[in-house]
2 protein chains.
Amino acid sequence: MTEDSKPPLTRIQQKNRDIILEAALTVFSTRGLRGATIDRIADAAGLSKPNVLYYFGSKDEIYRTLLTALLDTWLAPMLNIDSNGQPMDEVLGYVAAKLQLSRDYPRESRLFAYEVLQGAPHLEGILGGRLRDLVENTVAVLERWMAQGRLKPVEPHHLIFSIWALTQHYADFDVQVRAVLGPGHDPYAEAELYLENLFRQMLEP
Amino acid sequence: MTEDSKPPLTRIQQKNRDIILEAALTVFSTRGLRGATIDRIADAAGLSKPNVLYYFGSKDEIYRTLLTALLDTWLAPMLNIDSNGQPMDEVLGYVAAKLQLSRDYPRESRLFAYEVLQGAPHLEGILGGRLRDLVENTVAVLERWMAQGRLKPVEPHHLIFSIWALTQHYADFDVQVRAVLGPGHDPYAEAELYLENLFRQMLEP
DNA sequence: TGAAAACTTTACCAAACGGTCAGTTTGAGG
DNA sequence: CCTCAAACTGACCGTTTGGTAAAGTTTTCA
């Protein structure tokens, strides 16, 4: 009864599951869940369609696996905010970490964006549960810092939203950013400076 | 030769085209181009599938029609920035106008987000053409104001990006915003205050 | 080495999809 | 009221899609 029904993965399973998830991430993040086809994922993975379905029972299962794995990566920086650190350093560190996530994992950012755009049907209680709790904790820390006069007071929920919006924009709207800037720009490098200044101006007491 | 090949629309044509576009906007903005089906659009419009295709030759044509119409609405506020106005008022006015657009036309915002997420395949030269020119003009105005010391100097392209990111976030990530805030909040009302303060702090000389 | 387990493939569904067509109904103008 | 174009429909078609069945191949390990 208490068996975990988790047969250990063989070497081949491990490798092929990774290959499939890697390929699926690219496909899902450029076409969305409904726009992606198993054929395309199989193609990108260099496997046959039935072989892909040998490792994951359905397209949805691949998607859900990606989304679940993504969440931890995605929320990690917020957990890293140290309530005993210097407020300004902590906030700017969080902004920088989130921006780096957008730079290094743009596919994950876009996958998440697709999901939320749709109304987050696969994130059921998570947004209003785990995510909300995490935000509430951070909000409490921010409010303490503001009450102590170590940050200028602003609405902390919206401060968090603005960090998310500003950093993810560079991944999700990458095409637009690059088209508008034209060649010879490094959006992320410029954004790093811009955003540090922005939050400094807004929050430095 | 110079005939415009534009047969005038009958009353019924006008009405049904509008109904279809209205229904399609809802469907496209919640499922994306590929996730939407003509059947679903027809259903939402209360028309039969062949009848929908009587008014628009294909799904793509409906989509392109929506996207084109959307662009004008979308870019209008930027055209409204008055280079002879008070810099701070103009910038804050633009922010407020964009936020209102997100509040009043969230479906349009999400449709646009889907398109750009995909790499904007239907916006071919527009992002790097018309949009870029428009931004370049605005950037010039902003730079002048900054040079005159009427705004604190920041990188103007990224200032524009940040306005887009912050305002559209409330439409595109609506589900997340509401889930995190919990009930009893008016995200847009709060955002209005928050964003005004943000840009004031960042830009007021 | 040999047999079981793990892996892969070919061939194939049934459903959903974008779109067509032949013909019927509707309604505006004379 | 009649006529005819405009508006509409049901039946259909070829393709794509998610997924399965069954048989073949490779790997593992006793």
Side-chain angles (χ1 to χ4, degrees), chain A residues 3 5-67 111 114-115 118 121-122, chain B residues 3 5-67 111 114-115 118 121-122:
Chain A
E3 296 183 63
S5 72
K6 253 197 204 171
L9 298 185
T10 69
R11 199 170 34 81
I12 295 181
Q13 275 167 356
Q14 191 54 256
K15 189 193 67 177
N16 280 350
R17 283 178 63 98
D18 287 353
I19 288 177
I20 291 169
L21 288 175
E22 164 68 23
L25 177 56
T26 296
V27 176
F28 281 134
S29 70
T30 50
R31 342 252 310 181
L33 170 55
R34 288 167 203 279
T37 69
I38 304 182
D39 279 291
R40 207 176 274 268
I41 294 170
D43 225 50
L47 300 172
S48 67
K49 179 165 71 168
N51 204 10
V52 167
L53 288 166
Y54 172 74
Y55 290 102
F56 294 89
S58 67
K59 187 171 83 162
D60 244 68
E61 192 183 323
I62 306 177
Y63 183 78
R64 283 197 311 271
T65 304
L66 276 175
L67 205 57
L111 182 68
Y114 267 114
E115 173 65 18
Q118 265 176 59
H122 299 263
Chain B
E3 299 183 63
S5 71
K6 252 195 203 168
L9 297 185
T10 69
R11 199 168 36 80
I12 296 180
Q13 274 168 356
Q14 191 54 257
K15 188 194 68 179
N16 280 351
R17 283 178 64 98
D18 286 353
I19 289 177
I20 292 169
L21 289 174
E22 165 67 23
L25 177 57
T26 297
V27 177
F28 281 134
S29 70
T30 50
R31 343 251 311 181
L33 171 55
R34 288 168 204 277
T37 70
I38 305 183
D39 280 291
R40 207 176 275 269
I41 294 170
D43 226 50
L47 301 173
S48 68
K49 179 165 70 164
N51 204 12
V52 166
L53 288 166
Y54 172 73
Y55 289 102
F56 293 89
S58 68
K59 186 171 84 162
D60 245 68
E61 193 183 321
I62 305 178
Y63 182 79
R64 283 197 311 270
T65 304
L66 276 175
L67 205 57
L111 182 68
Y114 265 115
E115 172 67 18
Q118 266 177 57
H122 298 265

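Each chain gets a letter, A, B and so on, in the order the sequences are listed, and its residues count up from 1.
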(message) Can you confirm whether B:Arg64 sits close enough to B:Glu61 that some side-chain heavy atom of one is under 4.5 Å from a side-chain heavy atom of the other?
(response) yes
(message) Do B:Tyr114 and B:Arg34 make a side-chain contact, defined as non-hydrogen atoms from C-beta onward lying under 4.5 Å apart?
(response) no
(request) Write down the atom of B:Leu21, the atom of B:Leu66, and the distance for their closest heavy-atom approach. (result) O-CD2, 3.7 Å
(message) Is the phosphate of D:dA7 approached by B:Gln13 (side-chain N or O, under 4.0 Å from OP1 or OP2)?
(response) yes
(message) Check the phosphate of C:dA6 against A:Asn16, side-chain N and O only, distance under 4.0 Å to OP1 or OP2. Yes or no?
(response) no
Mind calculating the distance between [atom1] ([X]) and [atom2] ([N]) to the nearest angstrom?
| X | N | atom1 | atom2 | answer |
| --- | --- | --- | --- | --- |
| B:Tyr63 | C:dG18 | OH | C1' | 17 Å |
| A:Ile12 | C:dA5 | CD1 | P | 16 Å |
| B:Lys59 | C:dA16 | NZ | P | 16 Å |
| A:Arg11 | D:dT26 | CZ | P | 15 Å |
| A:Asp43 | D:dG18 | CG | P | 13 Å |

(message) Under 4.0 Å, heavy atom to any atom of DNA chain C: which of residues 19-42 of chain B qualify?
(response) B:Ala36, B:Thr37, B:Ile38
(request) Tell me which residues in residues 45-58 of chain B put a heavy atom below 4.0 Å from DNA chain C, sorted by number, or none. (result) B:Lys49, B:Pro50, B:Leu53, B:Ser58
Value rounded to 0.5 Å, distance of [atom1] in [X] from [atom2] in [Y]:
| X | Y | atom1 | atom2 | result |
| --- | --- | --- | --- | --- |
| A:Asp43 | A:Ile38 | CG | CD1 | 13.0 Å |
| B:Phe56 | B:Asn16 | CZ | CG | 9.5 Å |
| B:Leu47 | B:Ile41 | CG | CD1 | 11.5 Å |
| B:Lys49 | B:Asp39 | NZ | CG | 4.5 Å |

(request) Quick one: sort the B:Tyr63 and B:His122 rings into parallel, tilted or perpendicular, breaks at 30° and 60°. (result) perpendicular
